[in-house]
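Read the structure below first, then the notes.
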Protein chains: 2
Amino acid sequence: MSDDGQTRAEKLASEIADAILDGTFEPGSRLDEHMLAARYGTSRTPVREALRQLAATGLIDLRPRRGAIVALVTSDQLEVLFVAMGELEATCARLSALSMTPIERRRLEVLQDSMGELVAQNDVAAYTAANTSFHTLFYTGCHNPVISEMAIGLRRRLAPFRQAQFRAVGRLARSHAEHAVVVGAVLAGNASAAHAAMLRHVSLVEDAFEELRNVPA
Amino acid sequence: MSDDGQTRAEKLASEIADAILDGTFEPGSRLDEHMLAARYGTSRTPVREALRQLAATGLIDLRPRRGAIVALVTSDQLEVLFVAMGELEATCARLSALSMTPIERRRLEVLQDSMGELVAQNDVAAYTAANTSFHTLFYTGCHNPVISEMAIGLRRRLAPFRQAQFRAVGRLARSHAEHAVVVGAVLAGNASAAHAAMLRHVSLVEDAFEELRNVPA
DNA sequence: TGGGGAAATCTTGCATGCAATTTTAATTAA
DNA sequence: TTAATTAAAATTGCATGCAAGATTTCCCCA
């Protein structure tokens, strides 16, 4: 089993990334090469290659001769990351308004409608899942893998900080209403309106996160 | 000499990147690990780590068990890269309009004026250099290292394809006029206008590149 | 003469080991 | 008790070697 064409270093990079994102390795903790090698049953060589790959994504911090630590995101950096993701998502929406195929536009419309039903049923879990699909549609719809991969990388990195954003009352309906503006602009082919609407939407999501974050620990 | 706190793999990554960008290693050519190790006087281990780092930036293509090749950018990919860079630059301008400090705004103003003189003198070389400074001001001015690093990385990657864009007649004055619109919007704190103006500017630069590229080989 | 297949060669992937640097601990002096 | 110094331990950086997979070469057959 296990060998699907990927090299061990690649699988390690992905597994370590998962472990970091799901909290197994806490921010700031040292990623000892021997420890990782033992944990994943390999030698240090592929571990080192994986670490270098992860360092390039910003997930870990690789200090020469001093080892790797899980990147600790300060409050400031988190702000910067959220802003960056927002801008990228807005850009995706902008390009989607210009580049989406009729089929993609139709999919967007259908998803928006079905999410409306989820709002009516107040199904938070299903809405959260659909919300991911919603944003994914723009990643593919912008037809620019360079931008979409940047956005996906950021979204992935911010995932641990985005949980439970729809818990607050009325957030579901509000999110859906904001989506409607974005969808309308994209379907109308109005690039700048799509950009502005998506930016407003994700900024509000960020605000919701802020509220969460400022709850006394 | 030689040891300035950097690890060999890091220096290798930077040296190989330079060699790729200056054309020493042509797109599509194989990057043999033994060859690289011999060329830079190390063993294969740091070479492999450097290659993994470069693969993360998209500069090389690392195919499992099949070695690394210098990423060959097709015409389509180049288009995608230019669009991505344009969008990021526009985003930088947008954020700059919101976040630049008075000092940064002043610097922008001063540079814009001095570039006007270069246009009058038709000093292409100096204008080209100043143009880099101009864009760099927005990278720092957006106050978002995540976005600016993405933009810088793209600009670096596209550098080999951007040469001589000011050769065409009248391009200098036109560039400066476009800059004026961007600067005006940023100084006025008009985010969406700054975004639109920068987007228009870089799109035109891209068009100039297109003209160059379509010259029969 | 051209195509298919097997063997030889080459290249990558990974483990291991050693040297160098950093980190930790211990010991001593103030 | 605390700070400084030094020695020990641990950890990283890198070279080397071998095995597995890919590539090339060569030969045979149609």
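For the numbers below, each heavy atom of this structure counts, side chains included, while hydrogens, waters and symmetry mates do not.
- Distance CD1 (A:Ile69) to C1' (C:dT23): 15 Å, rounded to an integer number of Å.
- Per the geometry, CG belonging to A:Leu12 stands 12 Å off C1' belonging to C:dG13, to the nearest Å.
- For the atom pair B:Ser148 OG and B:Arg155 CZ, the distance stands at 13.0 Å (nearest 0.5 Å).
- For the residue pair A:Asp22/A:Thr24, the side-chain donor-acceptor check at 3.5 Å is satisfied.
- Taking atom CG of residue B:Asp32 and atom P of nucleotide C:dC10, one finds them 11 Å apart after rounding to whole Å.
- Scanning all heavy atoms of the two residues, the minimum distance from A:Glu104 to A:Met100 falls at OE1-CA, 3.3 Å.
- Between the side chains of B:Glu89 and B:His201, no donor-acceptor pair is found at a separation under 3.5 Å.
- Between A:Arg63 atom CZ and C:dT23 atom P there is a gap of 7 Å when expressed in whole angstrom units.
- Which of D:dT12, D:dA22, C:dA15 sits closest to the side chain of B:Arg66 comes down to D:dA22.
- When all heavy atoms of B:Leu199 and B:Ala90 are compared, the closest pair comes out as CD1-CB, 3.8 Å.
- In this pair, A:Tyr127 and A:His179 present their aromatic rings parallel. The plane angle is below 30°, not in the 30 to 60° band.
- Note: CZ (A:Arg30) to P (C:dT22) measures 13 Å, nearest angstrom.
- Looking at residues 33-56 of chain A, you'll see A:Glu33, A:His34, A:Arg44, A:Arg48 sit with a heavy atom under 4.0 Å from some atom of DNA chain D.
- Separating the CZ atom of B:Arg65 from the P atom of D:dT24 is a distance of 17 Å, rounded to the nearest angstrom.
- For the OP1/OP2 pair of D:dC14 and a distance below 4.0 Å, the side-chain nitrogens and oxygens of B:Arg8 include at least one atom meeting the criterion.
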